[in-house]
S.K.: 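One structure follows; several queries about it will come next.
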Amino acid sequence: MTHPARPARWKVLLAFSMIYFVWGSTYLAIRVGVQEMPPFLMAGLRFTAAGFVMYLWMRFSGTPSPTWRQWKGVTLLGSLMFLLDYACLFWAEQRIPSGITAVILAMIPVCITLLEIIFLRTQALGVQLVSGLVAGILGVGVLANPWASLGEAPLDHRGVIALLVACVGWSVGTIVTKRLILPASKPMSAATQMLTGGVQLLILAAVSGEFAQFRASFISGKAWFALIYLIVAGSIIAFTAYVWLLDFESPTRVGTYAYVNPVMAVILGGLIGGEVIGPRTILGTVLILIGVAAITTAKAKKAPSKIAEAGAATAD
């Protein structure tokens, strides 16, 4: 078996910067867009366009189209990981700062572990795992507690609940992925999940009356740029960089984006979005990232060859 030649160091660093900065910045781009665009419509446009482009790209590169059974699998994941997850995410970002949104969604590994412990019985509780779960849950509690916001404005509880539902949707999708028949090509699988999820989001937008309310001429150039940025940079370029990196770097090293993205989102939200970075945000972020690090490293020690890649299809 031949391995691809090691690329120049600058190319690897550029690819890492793409998944770190671009994926970390998508939360701010969503926040900018949903101030003017209906949330379900914006999410649907993003993933339908990105998924369609990536699907065509894979077909032209010789990757076969999914079979009927594979289409059923990616459509189910499109419902869980795009319809449910991103409908909640885009809706919540009308109410929750982008940096805090990213931090709460970093709870996905914590949520996956809880589901594995409670329902699947596939995780044994150890000291490190329990510590991670406690730290993550405490982090969310710090962010959501309206009686001790540490000088920051209390968060909209509807938005926090929507983000936690988004975590559950992505986590369930991650778990059932192992039980579905999906395309062998990860880029094709991701493209078709985006495409089917995007179409479902557009249907949700139509049912909820967003098309009737939408006036393209009323949308500013800033909001349109945010949508284009999400499609091109967030869903196509950064994902391509991610898949490319997996050919040359270990999944553990590539997976460090899960720790960097929330920090990047908080910083960008403060510097560009004018969001407050106070004691509550810092403490909640630190607790959640400690929890995620404890859980992911505990799992890596048990099964070093099985690093979860499900969250990387778009990584927001």
Side-chain angles (χ1 to χ4, degrees), residues 1 19 23 43-44 46-89 105 108-109 111-113 115-116 119-120 122-123 166-204 231 234-247 249-252 254-255 257-258 296 299-300 303-316:
M1 179 178 177
I19 64 172
W23 275 345
R46 174 190 178 182
F47 291 115
T48 302
F52 184 66
V53 169
M54 289 181 64
Y55 174 80
L56 289 180
W57 174 26
M58 296 309 299
R59 292 293 290 122
F60 282 127
S61 65
T63 304
S65 185
T67 64
W68 172 242
R69 294 186 70 185
Q70 290 169 343
W71 273 114
K72 289 194 292 184
V74 297
T75 300
L76 175 59
L77 291 183
S79 299
L80 291 169
M81 305 177 85
F82 290 89
L83 175 61
L84 180 57
D85 181 279
Y86 283 99
C88 290
L89 167 58
L105 285 183
I108 287 174
C111 187
I112 291 172
T113 302
L115 292 175
E116 289 174 335
F119 297 106
L120 301 181
T122 56
Q123 282 291 332
C167 287
V168 172
W170 195 278
S171 301
V172 172
T174 301
I175 291 171
V176 303
T177 294
K178 303 170 186 177
R179 295 165 170 77
L180 297 175
I181 298 174
L182 301 173
S185 164
K186 284 186 173 63
M188 176 59 85
S189 181
T192 47
Q193 288 174 48
M194 283 189 217
L195 180 57
T196 58
V199 171
Q200 291 175 72
L201 282 161
L202 291 178
I203 293 171
L204 175 61
I231 294 170
S235 293
I236 298 176
I237 296 177
F239 178 70
T240 302
Y242 170 83
V243 173
W244 182 83
L245 276 171
L246 286 175
D247 286 335
E249 301 287 341
S250 71
T252 302
V254 178
Y257 76 85
T296 53
K299 287 184 174 182
S305 64
K306 293 184 180 181
I307 306 297
E309 297 177 359
T314 62
D316 306 303

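What's counted below: heavy atoms across the whole structure, side chains too, no hydrogens, waters or symmetry copies.
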S.K.: Pair F239, M54 - check side-chain contact (heavy atoms from CB on, under 4.5 Å), show working.
M.R.: CA-CA 10 Å; F239 178 70; M54 289 181 64; 3.2 Å; yes

S.K.: Indicate the atoms forming the closest heavy-atom contact of T48 with L195, along with that distance.
M.R.: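 That closest heavy-atom pairing would be O-CD1, 3.8 Å.
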
S.K.: Atom OG in S189, atom NZ in K186: separation rounded to 0.5 Å?
M.R.: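 Answer for the OG-NZ pair, S189 versus K186, is 8.5 Å.
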
S.K.: If we ignore hydrogens and angles and just use 3.5 Å, is the side chain of W23 paired with the main-chain N or O of G234 as donor and acceptor?
M.R.: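 Flag set: sc W23 to bb G234 pair under 3.5 Å.
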
S.K.: Compare all side-chain heavy atoms of P66 with those of V74 and state whether any distance is below 4.5 angstrom.
M.R.: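 No, their side chains stay 4.5 Å or more apart.
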
S.K.: Stepwise, does the side-chain contact (heavy atoms from CB on, under 4.5 Å) test hold for M81 with T174?
M.R.: CA-CA 8 Å; M81 305 177 85; T174 301; 3.8 Å; yes

S.K.: If you apply the rule side-chain contact (heavy atoms from CB on, under 4.5 Å), what do you find for Q200 with T75, and how did you get there?
M.R.: CA-CA 9 Å; Q200 291 175 72; T75 300; 4.0 Å; yes

S.K.: Could you pull out the closest heavy-atom pair between V243 and P187, with the gap in Å?
M.R.: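 Taking every non-hydrogen atom into account, CG1-CG, 4.1 Å.
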
S.K.: Can you tell me how far the CZ atom of F82 sits from the OG1 atom of T196, to the nearest 0.5 Å?
M.R.: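 Answer for the CZ-OG1 pair, F82 versus T196, is 8.0 Å.
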
S.K.: Just jot down the side chain to side chain donor-acceptor pair (under 3.5 Å) partners of T63, sequence neighbours excluded, or say none.
M.R.: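 Testing T63 for side chain to side chain donor-acceptor pair (under 3.5 Å), a comparison that skips the adjacent residues, returns none.
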
S.K.: Does the E249 side chain pair with the main chain of L245, one donor and one acceptor, at a distance under 3.5 Å?
M.R.: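 Such a contact is absent between E249 side chain and L245 backbone.
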
S.K.: Working to the nearest 0.5 angstrom, can you tell me the gap between I108 CD1 and C167 SG?
M.R.: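 The CD1 atom of I108 sits 5.0 Å away from the SG atom of C167.
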
S.K.: Do C111 and V168 have side chains that get closer than 4.5 Å, going by heavy atoms?
M.R.: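 Yes; the side chains approach each other to less than 4.5 Å.
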
S.K.: Side chains of M188 and Q70: closer than 4.5 Å at any heavy-atom pair?
M.R.: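 No, every pair of side-chain atoms sits at 4.5 Å or beyond.
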
S.K.: Using 0.5 Å steps for rounding, measure from the CH2 atom of W170 to the CD1 atom of I112.
M.R.: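 The distance works out to 10.0 Å.
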
S.K.: If you compare all heavy atoms of T240 against all heavy atoms of I236, which two are closest, and at what distance to 0.1 Å?
M.R.: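 So the two residues come closest at OG1-O, 2.7 Å.
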
S.K.: Compare every heavy atom of A87 with every heavy atom of L204, then report the nearest pair and how far apart it is.
M.R.: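 The pair with the smallest heavy-atom distance is CD2-CB, 3.9 Å.
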
S.K.: Could you state the interatomic distance from CG (L77) to OG1 (T192), rounded to the nearest 0.5 Å?
M.R.: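 Here the rounded value is 9.0 Å.
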
S.K.: Do R46 and S235 get their side chains close enough for a donor-acceptor pair, meaning under 3.5 Å?
M.R.: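 Result is yes, a qualifying pair exists.
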
S.K.: Does atom CH2 of W57 have more than 12 heavy-atom neighbours from other groups under 6.0 Å away?
M.R.: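 Result for CH2/W57: open.
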
S.K.: If you take all heavy atoms of Y86 and A43, which pair is closest and at what distance?
M.R.: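 So the two residues come closest at O-CB, 4.4 Å.
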
S.K.: Once you round to the nearest 0.5 Å, how far does CG of L76 lie from CG of L83?
M.R.: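 Output value for this atom pair is 11.0 Å.
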
S.K.: What are the two closest non-hydrogen atoms of L201 and G44, and how far apart are they?
M.R.: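 Scanning both residues, the minimum pair turns out to be CB-CA, 3.6 Å.
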
S.K.: When you look at L182 and T177, which way does the side-chain contact (heavy atoms from CB on, under 4.5 Å) test go after all the steps?
M.R.: CA-CA 8 Å; L182 301 173; T177 294; 3.7 Å; yes

